[in-house]
Amino acid sequence: MSLEVEDRPSVEPTKQLKRQDSLYGDAEKVSSAKYHGSEVCFPGNLITMLQRCTVTDKVLTAINLMVTQGSWSQLLQLAFQSVGIIYGDVGTSPLYAISSTFPDGIKNRDDLLGVLSLILYTLILIPMVKYVFIVLYADDHGDGGTFALYSLISRHAKVRLIPNQQAEDAMVSNYGIEAPSRQLRRAQWLKQKLESSMAAKISLFTITILGTSMVMGDGTLTPAISAQVVWISVPILFALFSVQRYGTDKVGYSFAPIISVWFVLIAGIGMYNLVVHEIGVLHAFNPMYIVDYFRRNGKEGWISLGGVILCVTGTEGMYADLSHFSIQAIQISFNTVLFPSVALCYMGQAAYLRKFPEDVADTFFRSIPAPLFWPTFITAILSAIIASQAMLSGAFAILSKALSLGCFPSVQVIHTSKSHVGQVYIPEVNFLMGLASIIVTITFRTTTEIGNAYELIYLSSILTKFAQGGYLPFCFSLVLMALMMAWHYVHVNKYWYELDHIVPADEVTALLKKHDVRRIPGVGLLYSDLVQGIPPVFPRLVQKIPSVHSVFLFMSIKHLPIPHVVPVERFLFRQVGPREHRMFRCVARYGYCDMLEESGLFKGFLMERLKMFIQDEAAFETNSTTGDSQTCSEGSACPIVPSGQSGNINSDLVEKEKQLIDAEMERGVVYLMGEANVIAGPNSSLVKKIVVDYVYTFLRNNLTEGGKALSIPKDELLKVGITYEI
């Protein structure tokens with residue numbers, strides 16, 4: 001692999017190039033000037049590379065044509081997959097929505113028009129207008145969910161509670177900070193308020209994890225409400241959660257045909273009932289029927305909204321699953337498949353009940369024409385199995401982002417598709433949600449009771465059913481939010497503790513001499529959360545094992561508040577101590593949707609970038625000394641180096657260093673990780689002791705697998721124990 005090094009501008013003889021370095025200082029207090037580190041680490045900037053390439057117009061035209069054709073093909077494929085993933089839940093709501101709205105029967109036949117009007121306008125206003133045409137556009141480079149919005153805010157304002165923001169991050173090509181404009185200046189006051197107020201930061205973070213907890217609650221309750229018969233629900237739910245490991249791509253292609261058949265059937269049955277029974281129910285598009293309905297029923301009508309809201313169960317999955325698909329794919333599938341089918345089905349049920357109001361408890365199956373009963377019944381069972389897929393996929397997508405922000409234990413995230421990076425699967429979360437869903441199904445034996453539990457607020461109507469199940473999502477979300485806040489609280493305090501106890505870079509040499517540290521063959525990677533300074537676990541390491549690998553890197557995995565970081569901008573390097581120490585500081589930067597490379601690929605890419613850094617560092621040093629006035633000690637003679645010879649000397653040294661790195665790589669790589677036992681200080685409050693010593697410790701011991709999450713082979717991992725008292 002050849003590397004072009006561009007000629008650098010000449011340096012004035014009386015000035016030395018200065019390096020402003022956020023890897024060794026306070027990451028948030030470095031100015032926004034350009035840095036040598038950012039430039040030399042990534043000489044192969046993508047834009048520069050593209051500018052150097054010469055491509056003929058014919059080739060460009062052919063490429064554009066292939067991209068256009070591929071985009072339409074992929075868009076239609078994603079739209080088809082989204083039918084099976086996103087709409088299973090809202091598409092099966094006709095099974096129970098109307099029966100849940102009239103639990104005590106129909107007292108006035110005109111109430112059917114009022115309820116149908118409520119359902120139609122709920123479908124139009126919430127999923128169509130709110131989500132499809134408004135909320136989906138509040139994305140972060142095609143990614144949706146509460147954490148995507150939080151990350152978007154974090155890019156423009158320092159609202160994150162962990163101080164690991166670096167000036168170099170804004171130079172990543174995908175960061176997307178806009179140039180100053182009138183609109184941005186108008187928003188500057190809000191930015192300043194957010195950055196200066198700890199209460200505002202905490203409130204913003206709390207809202208974010210509350211939204212995540214509610215999605216997790218939906219992902220647990222939706223599978224339960226979709227099942228109709230308790231004794232067959234448990235095996236159905238077990239099968240549903242078992243197939244999640246195959247990924248959204250395969251599950252979507254498997255489920256989409258079934259859901260598509262379901263939509264065809266319910267649309268056809270709805271049209272049949274409209275024609276045969278009473279087509280006059282189409283008057284329900286007049287919203288005055290809603291007004292009349294509430295006038296007649298008063299409080300009872302208000303309470304019935306708890307059943308009406310069931311017609312849009314799982315709608316929020318469209319936004320949470322945005323990273324799995326695209327805005328256009330979701331818009332196409334919703335407007336051409338879901339809405340027409342579901343609307344026709346509800347109108348058909350209302351037409352049927354106008355003649356047979358006594359069948360309201362089992363409206364859907366009673367309204368099916370006899371020849372279609374068994375095909376529809378079988379399809380309904382299969383669709384009920386699929387119904388919760390939207391919230392499951394959304395929960396995986398959102399939690400994968402929560403991990404990158406330090407809001408959840410470091411569980412393993414499996415990327416299930418090579419073509420769609422946003423499709424992920426989290427085994428531990430899948431197990432816990434499946435277990436909770438089965439428990440809910442056994443505890444709440446009817447869909448009406450689970451329906452009371454499903455949605456806590458729809459014009460506050462469901463508050464009257466709090467004791468009949470409405471408390472469940474509230475408690476579930478509260479527990480999840482408390483766990484996430486506890487984890488993040490300790491995580492932030494642990495980071496600050498390490499930041500307060502870092503080893504200055506200029507003391508590394510003295511530390512090595514103090515413990516008589518010897519160099520052993522191979523490459524060592526010491527992982528820590530810190531993106532600046534030497535972590536306190538390093539003195540612990542050399543104290544217990546006074547040996548360091550021949551090539552040693554202080555590694556940090558950092559997730560930026562953007563979906564993706566291009567590979568050429570992945571690493572930031574710095575030299576630690578003298579060159580002969582061969583010790584480096586490295587920050588590996590990822591977006592919250594990026595997949596961590598497999599161990600072998602990561603090692604190879606890391607070493608290649610390290611060698612490029614060494615080469616660029618030598619070029620920088622050569623340029624910074626060539627032509628400069630040399631400073632020599634008083635009474636000593638300055639060595640005279642012929643012009644051009646210093647470049648040759650540096651070139652030879654660089655080649656030797658690169659060969660040494662290759663040789664040490666052959667001898668093996670060892671990963672070192674600090675196993676920090678975090679405890680509360682002796683003067684801590686009782687609440688803090690419970691959070692730190694019990695809640696955090698329980699989560700860390702049962703869910704956290706740092707080595708597994710980083711794809712580190714067990715036979716190459718060495719853990720160093722250390723205790724932090726916060």
Side-chain angles (χ1 to χ4, degrees), residues 90-124 225 228-229 261-298 300-313 338-381 383-384 446-448 451:
V90 66
T92 54
S93 60
L95 289 169
Y96 46 78
I98 287 185
S99 60
S100 297
T101 307
F102 294 106
D104 300 323
I106 299 172
K107 299 176 182 178
N108 189 318
R109 291 174 70 249
D110 288 339
D111 287 348
L112 284 167
L113 294 179
V115 168
L116 177 60
S117 187
L118 276 170
I119 289 175
L120 290 175
Y121 281 101
T122 299
L123 285 168
I124 291 171
I225 200 173
Q228 299 294 302
V229 184
V261 171
W262 167 256
F263 284 141
V264 171
L265 285 172
I266 64 174
I269 293 170
M271 292 178 65
Y272 169 83
N273 286 324
L274 270 175
V275 173
V276 172
H277 298 297
E278 186 175 336
I279 200 169
V281 295
L282 293 176
H283 289 114
F285 279 102
N286 183 350
M288 280 303 299
Y289 284 98
I290 298 176
V291 177
D292 294 339
Y293 173 73
F294 285 121
R295 283 175 179 170
R296 280 194 306 271
N297 295 280
E300 293 299 319
W302 168 67
I303 293 175
S304 70
L305 290 175
V308 173
I309 190 60
L310 295 179
C311 71
V312 290
T313 54
L338 176 95
F339 182 77
S341 302
V342 173
L344 281 170
C345 185
Y346 280 119
M347 289 186 284
Q349 289 187 28
Y352 175 84
L353 289 174
R354 292 277 286 181
K355 282 191 175 180
F356 307 100
E358 66 278 3
D359 292 339
V360 67
D362 194 17
T363 306
F364 179 80
F365 290 106
R366 294 282 186 175
S367 64
I368 300 174
L372 292 178
F373 180 82
W374 286 110
T376 305
F377 180 79
I378 295 172
T379 308
I381 293 176
S383 299
T446 68
T447 56
T448 300

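As the structure is a computational prediction, the values presented were derived from the model and not from experiment. This chain uses plain numbering: 1 for the first residue, then up along the sequence.
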* Asked: What's the verdict on side chain to side chain contact (heavy atoms under 4.5 Å, CB included) for L112 and V281, showing C-alpha distance, side-chain angles and the deciding distance?
  -> CA-CA 9 Å; L112 284 167; V281 295; over 6 Å; no
* Which residues satisfy the salt bridge (charged side-chain N to carboxylate O under 4.0 Å, His left out) test with R366, sequence neighbours excluded? -> none
* **Counterpart residues, salt bridge (charged side-chain N to carboxylate O under 4.0 Å, His left out), relative to D111 (two or more places apart)** => R296
Note, [X] side chain near [Y] side chain (heavy atom, < 4.5 Å):
X: V90; Y: V342; result: no
X: F102; Y: L353; result: no
X: L344; Y: I266; result: no
X: I368; Y: F377; result: no
X: R354; Y: D110; result: yes
X: L310; Y: S93; result: no
X: M347; Y: L116; result: yes
X: I309; Y: L305; result: no

Shortest non-hydrogen separation from [X] to [Y] and the atoms involved:
X: L120; Y: A343; result: CD2-CB, 4.0 Å
X: Y346; Y: P94; result: OH-N, 3.3 Å
X: P287; Y: Y121; result: CD-OH, 3.7 Å
X: L95; Y: A380; result: CD2-CB, 4.3 Å
X: S99; Y: V360; result: CB-O, 3.4 Å
X: S383; Y: T92; result: CB-CG2, 3.6 Å

* If you draw a 6.0 Å radius around OH in Y272, do more than 12 non-hydrogen atoms from other residues or ligands fall strictly inside? -> no
* **Pairing residues for T363 by the side chain to side chain donor-acceptor pair (under 3.5 Å) criterion, not counting sequence neighbours** => none
* **Pairs flagged by salt bridge (charged side-chain N to carboxylate O under 4.0 Å, His left out) wherever residues 279-294 is involved - sequence neighbours left out** => D292-R295
* Asked: Under the side chain to side chain contact (heavy atoms under 4.5 Å, CB included) criterion, do I98 and F364 qualify, and how do the steps go?
  -> CA-CA 9 Å; I98 287 185; F364 179 80; over 6 Å; no
* Asked: Taking only residues two or more places apart in sequence, or in another chain, which ones meet F356 in a ring-ring contact (aromatic ring centres under 6.0 Å, His included)?
  -> H277, Y352
First locate atom [atom1] of [X], then atom [atom2] of [Y], and finally report the distance between them rounded to the nearest 0.5 Å.
X: L118; Y: T101; atom1: CG; atom2: OG1; value: 8.5 Å
X: E358; Y: I106; atom1: CD; atom2: CD1; value: 9.0 Å
X: D362; Y: Y96; atom1: CG; atom2: OH; value: 15.0 Å
X: I269; Y: S367; atom1: CD1; atom2: OG; value: 6.5 Å

* What residues form a side chain to side chain contact (heavy atoms under 4.5 Å, CB included) with Y289, not counting sequence neighbours? -> L113, S117, H283, N286
* Residue pair W262, S341: steps toward the side chain to side chain contact (heavy atoms under 4.5 Å, CB included) verdict -> CA-CA 9 Å; W262 167 256; S341 302; over 6 Å; no
